[in-house]
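Sequential numbering from 1 along the given sequence is applied to the chain's residues.
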Amino acid sequence: MLVNFSYTNYMAYLQPTEFTMVAGRFMTHRASLMEIPGERYAKLLPITAIYGGNASGKSTFLKTVAVAQIMAQSVHTVCAKAYRTAFYR
């Protein structure tokens with residue numbers, strides 16, 4: 001599960017950009033939040049939607065996540081502070 005992802009200076013993103021699945025302070029549906037024991041983040045959102053206008057960076061965000069995943073699996077290298085993943089065949 002992707003918990004927190006931040007990147008900068010990739011394609012159209014020049015400023016630091018962050019994507020997070022950590023629940024905010026205003027939790028309307030607390031019962032549907034996920035808890036992962038022993039993790040740093042206590043409450044996580046189970047699902048998210050990525051939306052926006054044309055040419056707003058939705059595809060660029062998905063490509064950025066894909067590049068990180070491919071690099072982790074093929075070269076065993078990721079430019080990140082922390083990265084854990086399950087490897088797929």
Considering only heavy atoms from C-beta outward, does the side chain of Thr48 approach that of Phe19 to under 4.5 Å?
yes
Taking only residues two or more places apart in sequence or in another chain, which ones pass side chain to side chain contact (heavy atoms under 4.5 Å, CB included) with Ile50?
Lys58, Phe61, Leu62
Tell me, do Met34 and Lys43 make a side-chain contact under 4.5 Å, heavy atoms counted?
no
Quick one: closest heavy-atom pair of Pro46 and Ser32, and the distance?
CG-O, 3.4 Å
Please tell me if the side chains of Val67 and Met71 come closer than 4.5 Å, counting only heavy atoms from C-beta onward.
yes
Indicate yes or no for a side-chain donor-acceptor contact from Thr17 to the backbone of Gln15 under 3.5 Å, with no hydrogens or angles considered.
yes
Are the side chains of Met21 and Asn4 in touch, meaning some heavy atoms are under 4.5 Å apart?
no
Should Val22 and Leu44 be marked as a side-chain contact (heavy atoms from CB on, under 4.5 Å) after you check the CA-CA gap, both sets of side-chain angles, and the distance that decides it?
CA-CA 5 Å; Val22 177; Leu44 300 175; 4.0 Å; yes
